[in-house]
There are 2 protein chains.
Amino acid sequence: MKLSDYPRPSVTVDIVIFTIKDNNLKVLLVKRGVEPFKNKWAFPGGFVKIHENLEQAAKRELEEETGVKEVYLEQLYTFGDVSRDPRGRVITVTYFALINSEKAKEKLNASTDVIEAEWFEISNLPPLAFDHSEILKYAIKRLKWKFEYTTIAFSFLPKRFTLTQLQKIYEIIFEKNFDKRNFRKKILSLELLEPTEEKEKEVSYRPPQLYSLKSKIKIGKIIDII
Amino acid sequence: MKLSDYPRPSVTVDIVIFTIKDNNLKVLLVKRGVEPFKNKWAFPGGFVKIHENLEQAAKRELEEETGVKEVYLEQLYTFGDVSRDPRGRVITVTYFALINSEKAKEKLNASTDVIEAEWFEISNLPPLAFDHSEILKYAIKRLKWKFEYTTIAFSFLPKRFTLTQLQKIYEIIFEKNFDKRNFRKKILSLELLEPTEEKEKEVSYRPPQLYSLKSKIKIGKIIDII
DNA sequence: TCAAAAGTGTTCCGAATACACCCATGA
DNA sequence: TCATGGGTGTATTCGGAACACTTTTGA
């Protein structure tokens, strides 16, 4: 059996990039500059090069679009329905990335085939190209699941952060408030964090303790958080 | 941008099929009849046809190999490293299937390109072709995770089963024993099961109650089980 | 001295764990 | 009547949830 015996589909990667800005969960979309779905919004992505691993392709697209390296990145799901792309058979391997709000501030690079790139609030999205609404639904499900059972929340935060910042992120993701005392008790009991020497300064209230993730704790580690 | 501008990889599906037989977790392997890796064992799989959805391809391969329809099937992960197949660039979308021991008894169909098919104990496997060891590792991780947090355990059981059978399955997957009273209390408190009219007969001990999964409970539903 | 957010402890309730004996049946 | 696996209840421990006030700082 030869590989050449079979007609081959095209393979792309698409990346759902989340961040938290202005107390909202946001996702990065690009406006397509070419057909199909010209002028519609879609997730950043592109064709997998023939000598490039899937994750490399995802990282390349991510960096082209945001200029950011070192983000949390994991494979999400592969969508390959026959009719998902009007140009022909296109299978897309989707990825899921989280970047922290400081990095998200850096300016977005509109790349080839893209008119502009913009952060959209999850609750206020334009219509999406292809089957990208379905992809997003899946990505949000995964995001909540991961927040509940792993340490990914920290990928939305800078190296040093306060417990209040962390709590705020959980409140945004789960769309509900937590009791401050119970939240702190729970998080500290997990022994993931260590206090840093410094406290945040130049605030007109009691300066909060800054914490950092213990170096041996990997982001994404499975552990019951909430 | 045209699809034809890009060289395309080949795309396959591979299926990790688990069952429980003889009180052991087993996986179905086929012996390859063609190069590469001729005479080595691998997961059942094959090329995705150009007019066939990914899940259809997985179901087709599954049925060709085992003759079984109606199994629990979910997408696992997509492996696409450049050098994973010596023939060239081949991306494989892997699936994860669970079939119950009664169905697993039915005879296996050796299909094209395959010399034989056989159930292997997880703890006693031959060397695997391609990157299939890595795929298996990933599949086992997913299996345990799903057992802990969803109702997939029931896909290893026939429609009617005893609580002892269920407990046995958890003990095999988690490689440890559970207390009978606590296990029953926990499972029954989840309100997933209903007793059936009959009891198992022709056993030389007190006949056990048979239970079935309530019809509104979907297999795979997320819920803390253990 | 005021405004703003930081920080902290106790009680209550429900779930998980540990643990041992009697029951129903066919041989 | 015996062997076999089925079936059941209670006490203890641990973690989650509810709940309000004092502290520290800069303005």
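Chain identifiers are assigned alphabetically (A, B, ...) following the order of the sequence lines, protein sequences preceding nucleic acid strands; residue numbering begins at 1 within each chain.
Tyr211(A) has its side chain out of reach of Leu157(A): every pair of non-hydrogen atoms, C-beta onward, lies at least 4.5 Å apart. Looking only at side-chain heavy atoms (C-beta outward), Trp119(B) and Leu28(B) come within less than 4.5 Å of each other. Contact check for Leu163(A) versus Leu188(A): side-chain heavy atoms found under the 4.5 Å cut-off.
Counting non-hydrogen atoms of other residues, nucleotides and ligands closer than 6.0 Å to NZ of Lys26(B) gives a total above 12.
Between Phe161(B) atom CZ and dG6(D) atom P there is a gap of 14 Å when expressed in whole angstrom units. Rounded to whole angstrom, the span from the CG atom of Leu210(B) across to the P atom of dA24(C) amounts to 17 Å. Rounded to whole Å, atom C1' of dG7(D) lies 11 Å from atom CG of Leu188(B). As a whole-Å value, the separation of Glu148(A) CD from dG16(D) P is 12 Å. Remark: P of dC12(C) and CG of Asn182(A) are 15 Å apart, rounded to the nearest angstrom. Regarding Lys176(B), its NZ atom lies at a distance of 11 Å from the C1' atom of dT17(C), rounded to whole Å. We find that CZ of Phe183(A) is positioned 17 Å from C1' of dG15(D), with the value rounded to whole Å. In this structure, Asp224(A) atom CG and dG16(D) atom P are separated by 9 Å, rounded to whole Å.
Applying the 4.0 Å criterion to OP1 and OP2 of dA16(C), one finds that Lys186(B) has a side-chain N or O inside that range. Note on Ser204(B): every side-chain N or O is 4.0 Å or more away from OP1 and OP2 of dT4(D).
Looking at the side chain of Arg184(B), the nearest of the listed nucleotides dT24(D), dG6(D), dA20(C) is dG6(D). Proximity note for Lys180(B) (side chain, C-beta onward) versus dG9(D), dG6(D), dA24(C): the nearest is dG6(D).
Across the interface with DNA chain C, nearest-nucleotide mapping of Thr164(A) and Lys185(B) shows Thr164(A) to be the residue nearer the 5′ end. When each of Ser189(B) and Arg181(A) is assigned the nucleotide of DNA chain C bearing its nearest heavy atom, the one mapping closer to the 5' terminus is Arg181(A). Both Arg206(B) and Tyr211(B) lie close to DNA chain D; mapped to their nearest nucleotides by heavy-atom distance, the more 5′-ward contact belongs to Arg206(B).
Salt bridge Lys31(B)/Glu116(B): present, at least one basic N to carboxylate O contact under 4.0 Å.
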